[in-house]
Amino acid sequence: MAAEREPPPLGEARQPELEELEDGEDLFTSTVSTLESSPSSPEPASLPTEDISTNSNGPKPAEIILDDDREDLFAATEEVSLDSPEREPILSPDPTPAITPVTPTTLVTPRMESKSITAPVIFDRSREEIEEEANGDVFDIEINVSDPEKVGDGMNAYMAYRVTTKTSLSMFHKNEFSVKRRFSDFLGLHSKLATKYLHIGYIVPPAPEKSIVGMTKVKVGKEDSSSTEFVEKRRAALERYLQRTVKHPTLLQDPDLRQFLESSELPRAVNTQALSGAGILRMVNKAADAVNKMTIKMNESDAWFEEKQQQFENLDQQLRKLHASVEALVCHRKELSANTAAFAKSAAMLGNSEDHTALSRALSQLAEVEEKIDQLHQEQAFADFYVFSELLGDYIRLIAAVKGVLDHRMKCWQKWQDAQVTLQKKREAEAKLQLANKPDKLQQAKDEIKEWETKVQQGERDFEQISKTIRKEVGRFEKERVKDFKTVIIKYLESLVQTQQQLIKYWEAFLPEAKAIA
Amino acid sequence: MEEPLEMPPGEESKPCSLSEELVTDPSLQVEISDAVSERDKVKFTVQTKSSLPHFTRPALSVVRQHEDFVWLHDTFSENDEYAGIIIPSAPPRPDFEASREKLQRLGEGNSTLTREEFAKMKQELEGEYLAIFKKTVAMHEVFLQRLAAHPVLRRDHNFYVFLEYDQDLSVRGKNRKELLGGFFRNIVKSADEALITGVSGLKEVDEFFEHERTFLLEYHTRMRDTCLKADRVMRSHKSLAEDYIPISVALGSLGTQEVRQLQTSFLKLAELFERLRKLEGRVASDEDLKLSDLLKYYMRDSQAAKDLLYRRLRALADYENANKALDRARMRNKEVKPAETHQQLCCQRFEQLSASAKQELTDFKSRRISAFRKNLIELAELELKHAKASSLLLRNTLIVLKGDA
């Protein structure tokens, strides 16, 4: 089922754009070459993360992410257009391999301290700019999740959602297509992407959460408003999940994602069930991870990471608080709506029993106004929730993914340190053997030293790689986040304005009725 | 806990919009100029300005408590002379319990609130307390003002005592026996009413009263229900306003900690929610005053009207019985004279009651109509005002945020 991997989009679609940005092209070509070294490299889009410069992970702290001085960056790229070996298309490997970290073969001395402008940063900027300028093609993909349909009966029933993709990207076979997917398919997709990309530093958007209670109600066939609400909530969440995933330039290239969007049949992802073997394994791993995190005491020599760690920690706390408050708001607005409806009915009855005609009519009008206002409150509660509250929930989960990625970096560091320790031990053992003069064992010891030297180097490179990737990812994430929040805030405020405008209309209509009471 | 809470100085008590006929009649003006809340008691300062001869001075000032008002009301309702009058219902007891409890719970140190949140909640609750206080003052005042405006009731001796006697009235609250007694009397009354109308087949001869009775019965029940529902709506608005507090605070702290690009957005939002909270609070309190209070007042007043109808019905029953007794006496030709006198008295009483009741009920209707008119107009105008203010606020914020993006 693996789609044949076409040559990287960079080669084709980006051709015209790349011509404008010569330096960018150089950068790309050079990174493409370094990828040949690892046959099982996942996807071409990881290219930008390649380290071709002299400096690895020491960009300017904090500000790089959102700074807008492109000019400087372009100037710098000229210096950085280093070795440009011939470009080669990346052939697709099997769809779900375990990913070996992509390592550059160029001999680069990694440095851990902060430096002024370095290549990775520039990379970020120029690639992003390329993306923005190549507006038409790069992120032209629109995903919709719709038409939830119940399939089957009883406890084996499930909801199937229609996933429609509209795109002009050439990597897809058609411009518009749709498939039917169930919730576990989404979870399966996320699981695959997470396995491939999380541990090398990519922020993979988390899938919506499972809900046993919610699904059971749907399965059992309760046709009430709470289960329709649940299904709608899930549908919207799945849509947002997919939209975020395709926005990620690296993930967009992934064959599994493409398969998910395109193929009419998808192998059932059984490993996503909570109580399956894989599920239990996941839980055990999570617990082990938690313990490990507590014991890893990393010497953070890079202030940037420390700052980010703190920043995301704070953000997480703040967002949780805000989220809880907004949830309370949604609840109370729903209550207000219900109470307004009850009042409207009661006022109507009162109007009916009033014997003075004009007052009776006015009371009935009041009842009508209140009924309309009840509708308004309901719609507003809907907006409160889907626009504001869900966004906050999504970002709380996204930040957990960011924290996860930072944790992976720590583990990577740990692995590197452990390798260094082992190497040291091997060297000591060799020294001892030298003195004891045991030639056969000596050779073995020397071999082991070589082996561990390589491992240490690998560990270091992995660590640098992941650090670089994370820097870029965080930059992209923050940019997205700012955009997201701003858009949502404006949308939410517009909904509030709408409500108030409607209120004005209703009361303006009522006022003459009240005045008409004689 | 001593909480002297006084009416804001210089606040004039406007004629309550609940009862339209309280035009300022210079011959007798009553107002509550001041009020102090001490522990569980509220002390009202009642000031009277009168040109009537019964008062020793043209200007009087006394301090009264809630129980005194209740006593005054009871003397009226138990007075047979006023049977044909709708007795203005006694003001409800000042009830700060709920509000006080909330303030106490807040003070008890709910550590999940930040200092900012705490200050705002406190402000909100104190405002609520003050609003309840002002309402209870208004209720007591309107009670007195209606008495003062009524041509018959204003001349009551107990009323003068109430207004003039500068010592403590020492009206003890009803003890349990009396309360129970009152409770039973109500049951007896409704049973009586059912008996009169149902079993004995008392025919209502007057269409006007027949209509009024059916109307009032249903109206009162419906009004009670609407009143309840209006209260709930008002309380929902209040919860909503209170919800804006933690949201505003959370947005504010996000704003100070966020990246540069989002700072303005969050800080502006925080400000917005703070102002929306105040607006929402005003919507709640206006709905309370213009709608809930209106409904509550007329629910009580319609009860008083129902009581009047009952009294008239009772008088009618007495009249019928007297007729029957007279017939019996004439048949037996024994004690005809006393029976005749009794019958005549009953007849007179009934006719007086009927005439008075008719007038009272007509007045009730016009009072009700104009009160509803005034309050509904004011309600609509206030809702419009707040919606326009909210809309403007939101649109201005949107302009700033869109410009920032």
Side-chain angles (χ1 to χ4, degrees), chain A residues 62 65-66 311 314-315 318-319 321-322 324-326 328-329 331-333 335-340 342-347 349-350 352-356 358-359 362-363 366 369-370 478 481-482 485-487 489-490 493-494 496-497 499-501 503-504 507-508 510-511 513-515 517-518, chain B residues 211 215 218-219 221-223 225-230 232-233 235-237 239-240 242-247 249-251 253-254 257-262 265-266 268-269 272 276 295 365 368-370 372-373 376-377 379-381 383-384 386-388 390-391 394-395 397-398 401-402 404-405:
Chain A
I65 304 169
L66 306 163
Q311 182 193 331
N314 284 347
L315 190 60
Q318 300 288 357
L319 285 181
K321 245 167 109 195
L322 183 60
S325 313
V326 175
L329 179 71
C331 185
H332 287 141
R333 217 191 280 276
E335 249 175 53
L336 175 62
S337 161
N339 287 340
T340 310
F343 173 74
K345 285 203 186 78
S346 186
M349 300 243 293
L350 185 66
N352 280 342
S353 59
E354 170 63 62
D355 63 350
H356 185 259
L359 181 56
L363 283 172
L366 180 67
V369 165
E370 292 286 339
E478 283 291 86
R481 185 169 77 86
V482 168
F485 271 62
K486 280 194 171 167
T487 318
I489 287 174
I490 288 180
L493 287 187
E494 282 174 347
L496 288 176
V497 173
T499 302
Q500 295 302 324
Q501 302 282 57
L503 274 176
I504 292 174
W507 287 111
E508 271 177 350
F510 175 73
L511 195 53
E513 289 291 331
K515 290 191 170 152
I517 304 172
Chain B
H211 168 79
F215 163 66
E218 198 188 356
Y219 197 64
T221 326
R222 297 267 173 92
M223 181 91 75
D225 183 59
T226 313
C227 192
L228 209 71
K229 304 278 160 65
R232 289 206 194 122
V233 172
R235 260 178 281 144
S236 279
H237 271 297
S239 315
L240 218 63
E242 280 170 14
D243 282 337
Y244 285 146
I245 296 179
I247 292 179
V249 170
L251 285 168
S253 53
L254 260 174
Q257 295 181 21
E258 261 285 15
V259 295
R260 197 173 32 92
Q261 275 81 344
L262 285 176
S265 303
F266 280 125
K268 263 285 160 184
L269 259 190
L272 170 75
L276 279 181
L295 292 168
K365 183 164 179 171
R368 193 175 81 239
I369 307 294
S370 61
F372 267 79
R373 180 174 191 275
L376 286 178
I377 292 177
L379 175 71
E381 285 174 347
E383 293 269 7
L384 264 176
H386 296 320
K388 285 187 177 155
S390 296
S391 173
L394 286 163
R395 276 183 288 134
T397 311
L398 264 174
L401 289 181
K402 281 184 177 163
D404 177 56

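Proteins get letters first, then strands, A, B, ... in listed order; numbering begins at 1 in each. Below, all heavy atoms of this structure are taken into account, side chains as well, without hydrogens, waters or symmetry copies.
- For chain B, the nearby part of A:L359 is the side chain; its heavy atoms alone come within less than 4.5 Å.
- Across all their heavy atoms, B:A380 and A:F510 have their closest contact at CB-CD2, 3.8 Å.
- For A:L350, the parts sitting under 4.5 Å from any heavy atom of chain B are the backbone and the side chain alike.
- At most 12 heavy atoms of other shown residues, nucleotides or ligands fall within 6.0 angstrom of atom NZ in A:K345.
- The candidate from B:T226, B:L394, B:L272 with the greatest count of non-hydrogen atom pairs under 4.5 Å with chain A is B:T226.
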Exercise for review: Any chance you could lay out the salt bridge (charged side-chain N to carboxylate O under 4.0 Å, His left out) test for A:D355 and B:R368, step after step, and finish with the verdict?
Suggested key: CA-CA 11 Å; A:D355 63 350; B:R368 193 175 81 239; 3.4 Å; yes

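- Using a cutoff of 4.0 Å between basic side-chain nitrogens and carboxylate oxygens, A:R481 and B:E258 are scored as salt-bridged.
- To the nearest 0.5 Å, atoms CG (A:L329) and OH (B:Y244) are separated by 5.5 Å.
- Taking the side chain as every heavy atom from C-beta outward, A:R333 and B:L240 approach each other to under 4.5 Å.
- No other option in B:L376, B:T397, B:L384 has as many heavy-atom pairs under 4.5 Å with chain A as B:L384.
- Closest non-hydrogen pair, B:R222 versus A:S346, comes out as O-OG, 4.2 Å.
- Rounding to the nearest 0.5 Å gives a distance of 5.0 Å between CG of B:L251 and CG of A:L322.
- Within the 4.5 angstrom heavy-atom criterion, atoms from both the backbone and the side chain of A:E494 approach chain B.
- Distance CG/A:L511 to CD/B:E383: 11.5 Å, rounded to 0.5 Å.
- Looking only at heavy-atom pairs under 4.5 Å with chain B, the residue among A:I489, A:V369, A:N314 that has the most is A:I489.
- Ranked by heavy-atom pairs under 4.5 Å with chain A, the first of B:D225, B:V249, B:I245, B:D243 is B:D243.
- Formation of a donor-acceptor pair under 3.5 Å by the B:R232 side chain with backbone atoms of A:N339 is not found in this model.
- For the atom pair NZ of A:K486 and NZ of B:K402, the computed distance is 13.5 Å after rounding to the nearest 0.5 Å.
- Options A:E513, A:Q318, A:E335 differ in how many heavy-atom pairs under 4.5 Å they form with chain B, and the most are formed by A:Q318.
- Distance CZ/A:F343 to CG/B:L228: 11.5 Å, rounded to 0.5 Å.
- Of all the listed residues (A:E508, A:E370, A:E354), the one sharing the greatest number of non-hydrogen pairs under 4.5 Å with chain B is A:E354.
- Closest approach of B:L401 to A:L493, counting heavy atoms only: CD1-CD1, 3.6 Å.
- Of all heavy-atom pairs spanning A:A514 and B:R373, the tightest one is O-CG, 3.7 Å.
- Once rounded to the nearest 0.5 Å, the distance linking NZ of B:K388 with CD of A:Q501 reads 10.5 Å.
- In this structure, B:L254 and A:K321 have side chains that are not in contact, with every pair of non-hydrogen atoms separated by 4.5 Å or more.
- Residue contact with chain A, scored on non-hydrogen atoms closer than 4.5 Å, involves the side chain of B:L269 exclusively.
- Ranked by heavy-atom pairs shorter than 4.5 Å toward chain A, the options B:E218, B:R235, B:Q257 are led by B:Q257.
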